[in-house]
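Take a look at the structure below.
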Amino acid sequence: MKMIDFGKIERKWQKRWEKEKAFAVTRNQKEKYYVLDMFPYPSGEGLHIGHAFVFTLGDIYARFKRLQGFNVLYPMGYDALGLPAENAAIKYKEHPMDYNKRTTANFMKQQKAMGWSYDWSRIVRTDDSDFYKWDQWIFLKMFERGLAYRKKSGVNWCGKCQTVLANEQVVNGRCWRHEEQEVEVKQLEQWFLKITDYADELVDGLDKLDWSERAKKLQRNWIGRSEGTEVDFDVNGNLWKVFTTRVDTLFGVTFLVISAQHPELMSLVTKEQETDVRKFLKKIKSTKQEDMDKLEKEGVFTGSYAQHPLTGEEIPIWTGNFVVADYGSGMVMAVPGHDERDYDFAKKYQLEIKKVVEADKLPFSGYGVLVNSEGFDGLKSEEAKNHITNALQMKNLGRKKKAFRLRDWLISRQRYWGTPIPIIYCDKCGIQTVREKDLPVKLPKKVEFGKGNPLLTNESWIKVKCPKCSGGARRETDTMDTFANSSWYFLRYTDSGNNKRIFDSKKANYWMPVDFYIGGPEHITMHLIYARFYTKFLRDLGLIQIDEPVRRYFTQGIVHAKDGEKMSKSRGNVIEPLKIIEKYGADTLRLFLVSVASSDKDFNWSDKGIEGSLRFLMRVMKHKWRAKKSDERVEHYVNKSIKEIAEDIEYMKYNLAVIKLRKVFDVIESGCSKKDMESFVKMLSVFCPHVGEELWSRFGKGLVSKSSWPKFDEKKINDSIEKADEALSKTVNDIAHVLKLIGKGEKVYVYVLPQEVKNYDEGFLSEKVGLPVKVFAVNDSKKYDPQGKSKKVKPGRPGIFVE
RNA sequence: GCGGGGAUGCCGGAGCGGUCAAACGGGAUGGACUCAAGAUCCAUUGGCUUAGUGCCUACGAAGGUUCGAAUCCUUCUCCCCGCACCA
């Protein structure tokens with residue numbers, strides 16, 4: 001049997017699509033639909049199987065929407081700036097710029113080999129200064145509005161990356177890129193973006209998004225909004241703010257604790273306590289980040305006292321290792337009677353414990369009825385919160401307040417291959433922004449790698465005139481976090497060639513928001529938070545009208561190796577898409593990837609499985625497509641599958657869609673109308689576009705990729721046909737069963753109800769059973785029925801006699 | 001600790017109140033074709049039983065709701081994933 005040369009067919013159609021720019025789109029009257037795959041980092045390794053999977057998911061959806069008549073924007077680009085590129089380049093002793101050019105070309109070639117239907121005319125790459133110019137522009141706009149600022153604080157430093165990291169890039173105290181690398185906290189002055197200004201909106205906006213509950217929950221957790229009260233405590237005439245979610249326990253406060261990392265800590269420390277406090281701070285500094293979470297609560301008295309805002313009592317202020325410095329105000333009120341942590345601390349240092357909520361046993365951290373709380377006794381915790389906050393408000397010593405776990409985004413990176421931060425330091429004028437007309441600040445090509453930030457090695461790039469006084473000044477050598485680029489690239493696609501503006505608002509407003517975005521779950525608390533922040537900011541600049549960049553976010557599963565293990569070079573179980581394409585063809589790979597499991601679930605690679613997909617495509621390709629009239633049965637199956645497959649695709653149940661596709665093929669294989677053939681090929685083409693085009697070219701006009709999704713006729717869907725089919729195959733089984741029991745037979749007689757005779761084709765039965773089969777209607781007076789089997793006949797269940 | 005997601009036949013994986021001994025794929029077994037192999041096609045693939053039937057046991061474990069549960073509820077066990085002294 002001859003193998004079909006899928007490679008040849010695939011190259012032929014890929015060329016054709018390219019030549020005709022089949023998937024390039026512009027704004028038009030049709031309803032738009034924006035499908036987006038996360039732009040990849042163009043690694044030198046090329047496409048991996050994960051890419052093959054996700055991008056196939058997106059491509060199928062984009063093709064489907066296109067056939068449905070939408071004006072589909074489905075772009076592609078390269079997240080080419082960033083540490084991996086720089087590290088890879090260092091490793092291969094090649095400049096990142098050259099390295100990227102090479103790897104991107106290779107990447108693109110592989111993507112084309114997969115048959116993905118991108119609008120290649122809109123390609124965006126972040127290492128192009130035409131792109132990152134706008135990163136810088138956004139930064140300037142943020143700076144103007146006070147959203148980009150420089151601050152000295154404890155920041156996460158990864159020794160392997162040789163740069164600081166954002167909060168989001170620290171996983172369990174380790175670098176997100178180096179599992180083995182513990183993150184160090186360094187006190188450094190760095191650039192931050194004030195994402196916290198949008199924290200509230202970032203939480204509220206989630207409600208209207210079509211994201212999985214899981215994804216929304218993750219973001220909510222990450223932003224971590226809690227609503228409470230800010231209470232002012234007077235310390236020697238200065239008001240110190242304290243955030244609490246439990247003001248109802250305000251009368252149970254017996255001490256305050258200020259974070260040991262609080263910048264103002266020393267101003268509270270009295271002379272007598274100074275030695276103790278310093279000793280304590282020293283001890284804390286020497287503990288590793290890693291051990292921090294297992295640490296016992298410890299603290300030292302500062303010597304200062306605060307005044308209770310309602311009772312006027314003197315409350316000692318301690319400093320402790322368990323208070324987070326940059327959450328709330330870095331100082332907490334301790335209510336040992338109703339908080340376990342405070343209780344432990346109070347026990348350890350013999351501090352007073354008060355009961356202010358009725359409870360059998362302390363500590364009790366639940367809600368209840370207030371006691372020992374002056375005029376608030378008898379109130380329930382929930383109502384007491386409001387009453388006490390009001391009381392504080394009257395004295396102007398407290399107010400409602402929301403606190404967030406989200407921190408401002410640290411975007412400085414001490415590395416070369418990122419967007420230069422457009423800032424100039426002048427000894428005379430201080431921090432100056434680069435003038436808009438001087439953008440982009442291009443990365444200098446000449447730098448030395450290997451010792452700290454490479455940008456520091458190009459003095460002539462660093463030296464610059466101050467934009468204000470024209471005196472000697474120096475450029476900022478930090479570059480931006482790579483996530484800055486990905487925070488808005490989807491907007492650039494809407495007008496990627498624009499060299500005057502970041503994008504044309506009309507175009508962006510037409511295409512945005514992204515209707516369907518596919519990516520991994522790991523991006524929910526990084527990329528997707530940043531992207532939402534940037535979008536809101538650009539909206540506030542008046543550039544776009546939308547509030548949210550992504551309407552529907554779909555998280556795909558992970559492709560594991562055969563045994564369920566992680567794919568890795570060291571294990572030698574890596575599946576390379578290109579090799580698979582060579583062996584089986586891209587369509588087979590595509591089909592296999594989406595038919596194993598539901599797209600949101602992880603699944604394991606299987607060599608057997610892919611052969612199953614190949615077998616199916618071979619069968620389809622070898623089939624002699626000749627049109628004849630479709631009977632009722634064929635029409636039923638075809639129409640039903642058109643309906644159901646569309647639903648399955650819509651809900652990303654590609655695996656189920658494929659099953660149905662296989663089923664229709666079983667039915668139409670024995671012959672169908674031209675229209676039904678076309679319907680099948682159209683549906684198939686979404687999953688296997690090359691095979692689709694090839695078949696289409698035999699009987700359709702133009703490209704199947706640009707045809708339309710078949711329409712189904714509800715009236716042709718007739719489930720009783722399916723029932724009759726089931727009854728028929730049951731009968732075949734029954735006959736086989738009987739034959740098995742009696743050993744052998746020569747002739748089979750089947751007795752059916754008169755109205756069902758048409759469902760039982762003698763030829764079909766004979767073929768399946770392998771013996772001559774004679775069908776009689778039960779009311780046929782001339783029937784041959786020596787054992788009276790026709791008397792047992794029921795609807796859908798014929799009588800059988802074998803002799 | 002908090003929150004989320006899982007556990008289905010030899011395997012992968014559908015199903016998410018009846019039509020379920022459970023789609024589809026893979027594997028295995030038997031058969032057809034063939035000199036043979038491969039490919040292809042057909043049948044079987046929980047147990048017992050029977051001229052096509054009937055029964056039993058099954059969807060992590062144990063209970064419960066229901067006329068009826070793989071599907072709903074409760075508890076438990078195990079796995080995966082987020083956050084984690086956030087006041």
Side-chain angles (χ1 to χ4, degrees), chain A residues 1-3 171-173 212-222 224-226 228 242-247 249 256-257 259 292-297 320-335 338-342 344-345 365 403-407 521-522 524-525 558 562 564 591-592 595-598 600-613 615-616 618-619 622 653 655-656 658-663 719 723 726 730-743 745 748 750 767-770 787 789 792 797-802:
Chain A
M1 189 73 61
K2 222 180 86 194
M3 274 293 282
V171 182
N172 294 328
S212 67
E213 280 312 310
R214 182 181 113 89
K216 292 193 202 181
K217 191 87 192 176
L218 275 173
Q219 278 215 359
R220 273 196 205 101
N221 274 350
W222 188 265
R225 176 166 72 188
S226 43
V242 163
F243 176 77
T244 178
T245 52
R246 290 298 302 272
V247 241
T249 62
L256 300 183
V257 189
S259 167
M292 280 303 237
D293 30 317
K294 301 169 218 145
L295 217 61
E296 201 184 322
K297 287 169 212 22
N321 60 354
F322 64 100
V323 177
V324 179
D326 49 359
Y327 179 76
S329 56
M331 175 139 78
V332 300
M333 57 180 231
V335 184
H338 303 282
D339 182 290
E340 236 166 283
R341 295 159 298 179
D342 299 346
D344 293 345
F345 195 84
S365 54
F404 296 92
R405 207 190 72 97
L406 182 73
R407 306 291 144 83
E522 71 280 12
I524 294 166
T525 50
I558 298 165
K562 292 195 232 333
L591 189 67
F592 170 69
S595 55
V596 202
S598 180
D600 55 340
K601 294 226 172 100
D602 295 359
F603 65 94
N604 299 344
W605 180 263
S606 151
D607 292 331
K608 296 284 184 192
I610 193 155
E611 284 180 15
S613 296
R615 270 202 289 271
F616 175 67
M618 293 284 269
R619 231 175 95 205
K622 281 181 190 156
K653 307 230 162 178
N655 55 332
L656 301 184
V658 170
I659 287 166
K660 284 164 193 161
L661 211 51
R662 296 176 95 123
K663 228 183 233 167
D719 283 322
K723 286 227 177 69
E726 276 161 27
K730 181 87 173 37
T731 303
V732 174
N733 280 351
D734 287 348
I735 296 171
H737 197 171
V738 173
L739 283 169
K740 206 168 155 192
L741 288 170
I742 61 171
V748 181
V750 173
E767 190 195 322
K768 288 282 180 189
V769 172
Q787 289 192 5
K789 295 286 184 192
K792 287 201 211 156
R797 177 178 294 171
I800 297 163
F801 175 66
V802 179

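Every chain is numbered from 1, with letters handed out A, B, ... down the list of sequences.
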Between A:K730 and A:D734, is there a salt bridge with N-O shorter than 4.0 Å?
yes

Assess whether atom CD of A:E522 is packed by more than 12 heavy atoms of other residues, nucleotides or ligands within 6.0 Å.
yes

Should we say atom NZ of A:K660 is surrounded by more than 12 heavy atoms from elsewhere, each under 6.0 Å from it?
yes

Exercise: identify the closest heavy-atom pair between A:T249 and A:H338
CG2-CB, 4.2 Å

Taking every non-hydrogen atom, the tightest pair across A:G328 and A:F243:
CA-CB, 4.2 Å

Heavy-atom nearest nucleotide on RNA chain B taken for A:Y327 and for A:E726; more 5' hit belongs to A:E726

Please compare A:R407 and A:L218 by the position of their nearest nucleotide in RNA chain B and report the one closer to 5'.
A:L218

Would you mind reading off the distance between [X] atom [atom1] and [N] atom [atom2], rounded to a whole angstrom?
| X | N | atom1 | atom2 | answer |
| --- | --- | --- | --- | --- |
| A:D602 | B:G6 | CG | P | 13 Å |
| A:E522 | B:C83 | CD | P | 12 Å |
| A:D600 | B:G13 | CG | P | 12 Å |
| A:R405 | B:C2 | CZ | C1' | 13 Å |
| A:I610 | B:C11 | CD1 | P | 23 Å |
| A:K216 | B:G5 | NZ | P | 14 Å |
| A:R220 | B:G4 | CZ | P | 12 Å |
| A:E213 | B:G6 | CD | P | 13 Å |

If I pick the [atom1] atom on [M] and the same atom on [N], what distance separates them, to the nearest angstrom?
| N | M | atom1 | result |
| --- | --- | --- | --- |
| B:A69 | B:G64 | P | 12 Å |
| B:G27 | B:G12 | C1' | 10 Å |
| B:A14 | B:A23 | C1' | 6 Å |
| B:C42 | B:G46 | C1' | 23 Å |
| B:C20 | B:G38 | C1' | 37 Å |
| B:U19 | B:G26 | P | 27 Å |
| B:G17 | B:C11 | C1' | 29 Å |
| B:C79 | B:G31 | C1' | 43 Å |

So what does [X] hit on the nucleic acid, given a heavy-atom distance under 4.0 Å: a base, only sugar-phosphate, or nothing?
| X | result |
| --- | --- |
| A:R225 | nothing |
| A:R214 | sugar-phosphate |
| A:V324 | base |
| A:V323 | base |
| A:S598 | sugar-phosphate |

Does any part of the side chain of [Y], heavy atoms only, come nearer than 4.5 Å to the side chain of [X], both counted from C-beta?
| X | Y | value |
| --- | --- | --- |
| A:V596 | A:W605 | no |
| A:K216 | A:E213 | yes |
| A:V732 | A:I735 | no |
| A:F322 | A:V257 | yes |

Spell out, as yes or no, whether a donor-acceptor pair under 3.5 Å connects the side chain of A:S212 to the backbone of A:A215.
yes

Spell out, as yes or no, whether a donor-acceptor pair under 3.5 Å connects the side chain of A:S259 to the backbone of A:V323.
yes

State whether A:K723 places a side-chain N or O below 4.0 Å from either non-bridging phosphate oxygen (OP1 or OP2) of B:U19.
no

Is the shortest side-chain N/O distance from A:S226 to OP1 or OP2 of B:A87 below 4.0 Å?
yes

Pair A:V658, A:N655 - check side chain to side chain contact (heavy atoms under 4.5 Å, CB included), show working.
CA-CA 5 Å; A:V658 170; A:N655 55 332; 5.9 Å; no

Assess the residue pair A:K789 and A:I800 against the criterion (side chain to side chain contact (heavy atoms under 4.5 Å, CB included)); give the C-alpha distance rounded to whole Å, side-chain angles, the decisive distance to 0.1 Å, and a yes or no.
CA-CA 6 Å; A:K789 295 286 184 192; A:I800 297 163; over 6 Å; no

Atom pairs, protein N/O to nucleotides 23-27 of chain B N/O, distance under 3.5 Å:
residue : atom : partner : partner atom : Å
B:G26   : OP1  : A:R615  : NH2          : 2.8

Contact letters for nucleotides 45-52 of chain B, in which S counts primed atoms plus P, OP1 and OP2 and B counts the base, heavy atoms under 4.0 Å
-----BBB

Which nucleotide sits closest to the side chain of A:K601: B:A87, B:C85, B:A14?
B:A14

Name all stems that contain residues of RNA chain B, defined as runs of 3 or more consecutive Watson-Crick or G-U wobble pairs, both distances under 3.5 Å.
B:1-7 with B:77-83, B:10-12 with B:24-26, B:27-32 with B:40-45, B:46-48 with B:54-56, B:60-64 with B:72-76

Using 30° and 60° as the class boundaries, would you call the ring planes of A:F592 and A:F603 parallel, tilted or perpendicular?
perpendicular

